[in-house]
Protein chains: 2
Amino acid sequence: MRLDTCQGVCVHTEVVDAVNKKMESEEMLFQLADFFKALGDSTRIRILHALSFSELCVCDLASLLNMSSSAVSHQLRVLRGQKIVKYRKDGKNAIYSLDDAHVATLLEQGLEHVNE
Amino acid sequence: MRLDTCQGVCVHTEVVDAVNKKMESEEMLFQLADFFKALGDSTRIRILHALSFSELCVCDLASLLNMSSSAVSHQLRVLRGQKIVKYRKDGKNAIYSLDDAHVATLLEQGLEHVNE
DNA sequence: GGAATATGTGAGCATATATTCAAATGAAGG
DNA sequence: CCTTCATTTGAATATATGCTCACATATTCC
């Protein structure tokens, strides 16, 4: 017989049970995954990295990243959805910035990790 | 004429230039995106959250998440690739743990963000 | 050596997602 | 009002990705 899951011989039951009790809810972990997923795209990372230096309008971002405004706007929508960026209107422009300092900190720490 | 990109009227040139100078290299930002991408999946988040409490073998993780060992192993490969988890062999078992405390900190901060 | 078990891996499929294209919305100015 | 321009949005498409299945590898025990 071949089961793809473990047959109970190798499972460290006590430890698994203890960890299981401490785990956050599925719902919470899904939200956490969605949050990191929003950070896990090179376009969105470049947007956020740029915004960590200064607030910028969609046009500025498109110019900076050498991309269409449409593509940038689509990605900003994702970031707004996760409350990672916020914006204010100034005439025809929408001026985006990081939602809070917390986000900048996470980016910093990510960069530290990448730099070994 | 309709260009999808901005025609220079709205671009805050000085700011864009200043930000452009401060930006990390494309290469670095790609790596950063790949790092967050590795965190941006519910299966991998659940694995990491579990490992934040205790080291666990593949079998334990499969049992805890109610998934096949194969699926877990595939995701552990992604996490290894980003140096997010490490493992040691103990007989037939591969016992995984978070690569460093840094990762646990990032998870904590992510959870704080999700909890508003 | 051979059986049993835990883990790793490659191919295939089904889903998710990033960009483009076309069009809509909204604001400023003539 | 009409034009212009910044931004947003929906549909379509091409690519990326997670899981399954089958098989390979590795280790322990007989």
Side-chain angles (χ1 to χ4, degrees), chain A residues 1-12 16 30 33-34 36-48 55-82 85-96, chain B residues 1-13 16 29-30 33-34 36-48 55-82 85-96:
Chain A
M1 181 172 68
R2 297 265 308 128
L3 276 182
D4 202 13
T5 50
C6 194
Q7 279 109 44
V9 183
C10 79
V11 181
H12 307 95
V16 170
F30 265 89
D34 283 341
F36 283 124
K37 193 177 302 184
L39 300 179
D41 172 78
S42 61
T43 296
R44 291 192 293 267
I45 278 291
R46 287 191 299 157
I47 289 174
L48 294 173
E55 59 175 16
L56 294 164
C57 72
V58 179
C59 232
D60 294 335
L61 286 166
S63 166
L64 197 56
L65 307 188
N66 200 32
M67 290 181 64
S68 72
S69 299
S70 177
V72 170
S73 183
H74 274 296
Q75 299 310 325
L76 285 169
R77 180 184 174 83
V78 175
L79 294 171
R80 283 198 315 267
Q82 292 295 325
V85 301
K86 63 178 190 295
Y87 73 105
R88 60 187 169 83
K89 290 300 292 273
D90 178 34
K92 280 182 290 192
N93 294 328
I95 303 190
Y96 281 83
Chain B
M1 179 173 68
R2 297 267 308 131
L3 276 181
D4 202 13
T5 49
C6 193
Q7 279 110 45
V9 183
C10 78
V11 180
H12 307 96
T13 320
V16 170
L29 294 177
F30 265 89
D34 283 341
F36 282 123
K37 194 176 300 183
L39 300 179
D41 171 78
S42 61
T43 297
R44 291 192 292 269
I45 279 291
R46 288 192 298 157
I47 289 174
L48 294 173
E55 59 175 17
L56 294 163
C57 70
V58 179
C59 232
D60 294 335
L61 287 166
S63 166
L64 197 56
L65 307 188
N66 199 31
M67 292 182 62
S68 71
S69 299
S70 177
V72 171
S73 184
H74 272 295
Q75 300 311 325
L76 286 169
R77 180 184 172 85
V78 175
L79 294 170
R80 282 198 317 264
Q82 291 294 326
V85 300
K86 62 179 191 295
Y87 73 105
R88 61 185 170 83
K89 290 301 292 272
D90 178 34
K92 281 181 291 193
N93 294 328
I95 303 189
Y96 281 82

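In this text the structure is predicted, and so the values were computed from the model without any measurement. Below, chains carry the letters A, B, ... as their sequence lines are ordered, and counting in each starts from 1.
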Measure from [atom1] on [X] to [atom2] on [N] and round the result to the nearest Å.
X: Lys89(B); N: dT28(D); atom1: NZ; atom2: C1'; answer: 11 Å
X: Leu65(A); N: dT19(C); atom1: CG; atom2: P; answer: 10 Å
X: Asn66(B); N: dC19(D); atom1: CG; atom2: P; answer: 13 Å
X: Lys92(B); N: dT25(D); atom1: NZ; atom2: C1'; answer: 14 Å
X: Tyr87(A); N: dA27(C); atom1: OH; atom2: C1'; answer: 14 Å

Fill in: Residues in side-chain hydrogen bond (donor to acceptor under 3.5 Å, both in side chains) contact with Arg80(B), at least two apart in sequence or another chain
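For Arg80(B), the residues satisfying side-chain hydrogen bond (donor to acceptor under 3.5 Å, both in side chains) (neighbours in sequence not counted) are Tyr96(B).
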
Discussion item. Among residues at least two apart in sequence or on other chains, which ones pass side-chain hydrogen bond (donor to acceptor under 3.5 Å, both in side chains) with Glu55(B)?
Written reply: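 In terms of side-chain hydrogen bond (donor to acceptor under 3.5 Å, both in side chains), with neighbours along the sequence ignored, Glu55(B) is linked to Arg88(B).
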
Closer than 4.0 Å, any side-chain N/O of [X] to the OP1 or OP2 of [N]?
X: Arg77(A); N: dT9(D); answer: yes
X: Arg46(A); N: dA18(C); answer: no
X: Tyr96(B); N: dA6(C); answer: no
X: Asn93(A); N: dT7(D); answer: yes

Qualifying residues under side-chain contact (heavy atoms from CB on, under 4.5 Å), relative to [X], sequence neighbours excluded:
X: Asn93(A); answer: Cys57(A), Ile95(A), Cys10(B), His12(B)
X: Lys92(A); answer: none
X: Ser42(A); answer: Phe30(B), Ala33(B)

Selected nucleotide, minimal atom distance to [X] side chain, candidates [options]:
X: Ser68(B); options: dT20(D), dA6(C), dG26(C); value: dT20(D)
X: Cys57(A); options: dG8(C), dA28(C), dT7(D); value: dT7(D)
X: Ala71(A); options: dA6(D), dT5(C), dT19(C); value: dT19(C)

Practice prompt. Starting from the 5' end of DNA chain C, give me the residue, Leu76(B) or Gly91(A), whose nearest nucleotide shows up first.
Written response: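 Residue closer to the 5' terminus by nearest nucleotide: Leu76(B).
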
Worksheet entry | End-to-end axis angle, where each axis spans five pairs of the helix from dG1(C)-dC30(D) to dG30(C)-dC1(D), to 10° |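 The end axes of the helix from dG1(C)-dC30(D) to dG30(C)-dC1(D) are about 30° apart, to the nearest 10°.
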
Worksheet item: Any donor-acceptor pair under 3.5 Å between the side chain of Ser70(B) and the base of dT9(C)?
Response: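 Result: at least one qualifying N/O pair found.
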
Fill in: Test salt bridge (Lys or Arg N to Asp or Glu O under 4.0 Å) applied to Asp34(A) - qualifying residues, sequence neighbours left out
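By the salt bridge (Lys or Arg N to Asp or Glu O under 4.0 Å) rule, Asp34(A) matches Lys37(A).
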
Item to complete: Look at the side chain of Arg44(B) and the backbone N and O of Ala38(B), then say whether any donor-acceptor pair between them is shorter than 3.5 Å.
Response: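 Side chain of Arg44(B) to backbone of Ala38(B): a pair is present.
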
Taking only N/O atoms, report every protein-nucleotides 11-18 of chain D pair under 3.5 Å with atom names and distance.
{"residue": "dG18(D)", "atom": "OP1", "partner": "Arg44(B)", "partner atom": "NH1", "Å": "3.1"}
{"residue": "dG18(D)", "atom": "OP1", "partner": "Arg44(B)", "partner atom": "NH2", "Å": "2.8"}
{"residue": "dG18(D)", "atom": "OP2", "partner": "Arg44(B)", "partner atom": "NH1", "Å": "3.4"}

Practice prompt. Could you pull out the closest heavy-atom pair between Val11(B) and Asp60(A), with the gap in Å?
Written response: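 Residues Val11(B) and Asp60(A), closest heavy atoms: CA-OD1, 3.2 Å.
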
Worksheet item: Do you know which two heavy atoms are closest between Ser63(A) and Val16(B), and how far apart they sit?
Response: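 Smallest interatomic distance, heavy atoms only, reads OG-CG1, 4.4 Å.
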
